[in-house]
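Throughout, residue positions are numbered sequentially from 1 according to the sequence presented. Bear in mind that the values here come from a model prediction, so they are computed numbers and not experimental data.
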Amino acid sequence: MTATVATTSAGTPSGAIAPLRTSTLSAFGALLLRDLTVLRKNLKEFIPRTVLQPLLLVFVFTYVFPKIGQGIGGGGAAASEFSSVLVAGVVATAILFQGIQAVSLPLVQEFGYTREIEDRVLAPLPVQLVAFEKIVAGGLQCLLAGLIVFPIATVVPATPVHLDINWLILLTLIPLACLMAGALGLFFGTAFEPRTVPMLFGVVLIPITFLGCTYYSWQALEPIRWLQIAVLVNPLVYLSEGFRAALTPVPHMSLWAVYPIVLGFVALFTTIGIRGFTKRVIA
C-alpha cells in the first residue's frame with residue numbers, strides 16, 4: 001500500500017504548515033519581546049521624552065495663561081472649552097510622535113554603518129514580518145505614551161476639563177492610532193536617508209503638529225475654508241478629531257470620515273514602509 005501525503009497548492013506538505021506557522025509566531029514574539037525588554041531597560045529615557053513636550057504644552061496653555069489672565073479664548077467657559085479641546089490633541093500628538101520616534105530613529109542606527117539590521121533579519125521570519133514587527137513594537141510604545149499623557153492633560157489645566165468618554169470609540173480608535181503612528185515611523189525611517197531622518201522633526205513634524213487640529217477643532221477652521229481643506233492631508237487631524245469624539249463633548253469631525261481615513265493611512269504607510277524596509281535590507 002502506497003502512503004499519500006496531502007500537499008498545499010504550493011507543494012508544501014499540509015502537515016508542515018502548522019509547525020511553520022508556530023515557528024514564525026515564536027520568532028515574531030521573540031523579536032517583540034526583545035524590543036519590549038529594551039524599552040523596559042530604557043524607561044528613564046522613554047518617560048521624559050514622552051512627558052516633557054505634552055506637559056509643557058498643557059502647563060503653559062491651560063495653567064499659566066489662565067492664571068495670569070491671558071487664557072486662550074477668554075475666561076470662564078471659553079477657557080474651559082479650550083482645555084477640553086486640547087486634551088484630545090495632546091493625546092493624539094503624543095501617540096503620533098512616539099510612533100515616529102520609536103521606529104524611525106532606531107532605524108537610523110540599524111541602517112547606519114554598523115548595519116545592525118542584519119542581526120534582526122537573521123530571525124526565521126520573512127523580511128516583511130520583521131518590518132511589521134517594528135510597527136507593532138512602535139505601536140505598543142504609542143499606547144504606553146497615550147496612557148502616560150492622558151492624566152497630565154486632564155489634571156494640569158487650571159480650568160475645568162469636561163470629559164465624556166465613549167469607550168467604544170476609544171477602544172477601537174487607540175489600536176488604529178498606534179498602528180498608524182508606528183507605520184508612519186517605518187515610512188519615515190525607510191523613505192529618507194539615515195542622516196536626514198533627524199531633520200524630519202524640524203521640517204515635517206512641526207507643520208504636522210501646528211496644522212493637525214491639536215489646539216483647535218477642525219470645525220473651527222470653517223472661516224478659513226482653504227486651510228480647512230488643505231489640512232485634510234494631515235493624518236494627525238483625524239487622530240485629534242477621533243480622540244475628541246472619544247474623550248470630550250466638543251464638536252468633532254464625523255466618525256464616518258475618521259475611521260475609513262485612518263484605516264487608509266494605516267494601509268498606505270504600512271505598505272510603503274514595508275516595501276522601503278525590504279529594499280533597504282536587500283540593498
All salt bridge (Lys or Arg N to Asp or Glu O under 4.0 Å) counterparts of Arg40, not counting sequence neighbours =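 Checked Arg40 against salt bridge (Lys or Arg N to Asp or Glu O under 4.0 Å); zero matches.
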What residues form a salt bridge (Lys or Arg N to Asp or Glu O under 4.0 Å) with Glu222, not counting sequence neighbours?
->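 Per chain and number, Glu222 pairs via salt bridge (Lys or Arg N to Asp or Glu O under 4.0 Å) with Arg225.
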Does any non-hydrogen side-chain atom of [Y] lie less than 4.5 Å from one of [X]?
{"X": "Tyr216", "Y": "Leu86", "answer": "no"}
{"X": "Val87", "Y": "Phe243", "answer": "no"}
{"X": "Pro235", "Y": "Leu239", "answer": "no"}
{"X": "Leu186", "Y": "Leu107", "answer": "yes"}

Heavy-atom pair of closest approach, residues [X] and [Y]:
{"X": "Trp218", "Y": "Glu241", "answer": "N-OE2, 2.9 Å"}
{"X": "Pro151", "Y": "Thr154", "answer": "O-OG1, 3.0 Å"}
{"X": "Phe59", "Y": "Val156", "answer": "CA-CG1, 3.8 Å"}
{"X": "Pro207", "Y": "Val204", "answer": "CD-O, 3.1 Å"}
{"X": "Ser217", "Y": "Arg244", "answer": "CA-NH1, 3.8 Å"}
{"X": "Thr270", "Y": "Ala183", "answer": "OG1-CB, 3.5 Å"}

Would you kindly confirm whether [X] and [Y] end up in one hydrophobic cluster when ILVMFWY residues are joined by side chain heavy atoms under 4.5 Å apart?
{"X": "Ile261", "Y": "Ile229", "result": "no"}
{"X": "Leu56", "Y": "Leu205", "result": "no"}
{"X": "Val203", "Y": "Val233", "result": "no"}
{"X": "Val38", "Y": "Phe28", "result": "no"}
{"X": "Leu211", "Y": "Leu232", "result": "yes"}

Within a radius of less than 6.0 Å around CZ of Arg49, do more than 12 heavy atoms belonging to other residues, nucleotides or ligands occur?
->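 Counting neighbours around CZ of Arg49, more than 12 heavy atoms of other residues, nucleotides or ligands fall under 6.0 Å, so yes.
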Heavy atoms of other groups near Tyr63 OH, more than 12 under 6.0 Å |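 Not more than 12 within 6.0 Å, no.
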Apply side chain to side chain contact (heavy atoms under 4.5 Å, CB included) to [X] and list each qualifying residue two or more places apart in sequence or on a separate chain.
{"X": "Asp164", "value": "Pro249"}
{"X": "Ala191", "value": "Phe187"}
{"X": "Ser254", "value": "Trp256"}
{"X": "Phe210", "value": "Ile206, Tyr215"}

Please step through side-chain contact (heavy atoms from CB on, under 4.5 Å) for the pair Phe150 and Leu247, ending with a clear verdict.
-> CA-CA 10 Å; Phe150 177 67; Leu247 299 174; 4.0 Å; yes
Taking atom [atom1] of [X] and atom [atom2] of [Y], what is their separation to the nearest 0.5 Å?
{"X": "Phe277", "Y": "Thr190", "atom1": "CZ", "atom2": "OG1", "result": "8.5 Å"}
{"X": "Gln101", "Y": "Leu96", "atom1": "CD", "atom2": "CG", "result": "10.0 Å"}
{"X": "Leu170", "Y": "Ile165", "atom1": "CG", "atom2": "CD1", "result": "7.0 Å"}
{"X": "Ile47", "Y": "Leu43", "atom1": "CD1", "atom2": "CG", "result": "5.0 Å"}
{"X": "Ile169", "Y": "Trp167", "atom1": "CD1", "atom2": "CH2", "result": "12.5 Å"}
{"X": "Cys213", "Y": "Leu236", "atom1": "SG", "atom2": "CG", "result": "8.0 Å"}

Let me check something: any side-chain donor-acceptor pairs from residues 88-95 under 3.5 Å, sequence neighbours excluded? List them with distances.
unit_1	atom_1	unit_2	atom_2	d
Thr93	OG1	Gly89	O	2.7
Thr93	OG1	Thr214	OG1	3.3

Return the set of residues passing side chain to side chain donor-acceptor pair (under 3.5 Å) with Thr50 (not counting sequence neighbours), or none when no residue passes.
->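 In terms of side chain to side chain donor-acceptor pair (under 3.5 Å), with neighbours along the sequence ignored, Thr50 is linked to Gln98.
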May I have all residue pairs that pass side-chain hydrogen bond (donor to acceptor under 3.5 Å, both in side chains) and include part of residues 258-268, sequence neighbours excluded?
->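 Only Thr172-Tyr259 qualify under side-chain hydrogen bond (donor to acceptor under 3.5 Å, both in side chains).
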What pairs meet the side-chain hydrogen bond (donor to acceptor under 3.5 Å, both in side chains) rule with one or both residues in residues 143-152, with sequence neighbours excluded?
->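 Applying side-chain hydrogen bond (donor to acceptor under 3.5 Å, both in side chains) to every pair that reaches into residues 143-152, excluding sequence neighbours, yields nothing.
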Under the 3.5 angstrom rule, does the side chain of Asn42 hit a backbone N or O of Glu45 as a donor-acceptor pair?
->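 Not a single qualifying donor-acceptor pair exists.
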Between the main-chain N or O of Thr248 and the side-chain N or O of Ser84, is there a donor-acceptor pair closer than 3.5 Å?
->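 No: the side chain of Ser84 does not pair with the backbone of Thr248.
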Give the intermediate values and the outcome of side-chain contact (heavy atoms from CB on, under 4.5 Å) for residues His252 and Val258.
-> CA-CA 10 Å; His252 54 80; Val258 171; over 6 Å; no
Linking Ile, Leu, Val, Met, Phe, Trp and Tyr by side-chain heavy atoms under 4.5 Å, what else ends up with Val85?
->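 So far as hydrophobic clustering goes, Val85 is joined with Val250.
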I'd like a table of donor-acceptor pairs (distance under 3.5 Å, sequence neighbours excluded) in which one partner is a side-chain atom from residues 123-145, with atom names and distances.
unit_1	atom_1	unit_2	atom_2	d
Glu133	OE1	Arg120	NH1	3.1
Glu133	OE2	Leu32	N	3.4
Lys134	NZ	Glu110	OE1	3.2
Lys134	NZ	Glu110	OE2	3.2

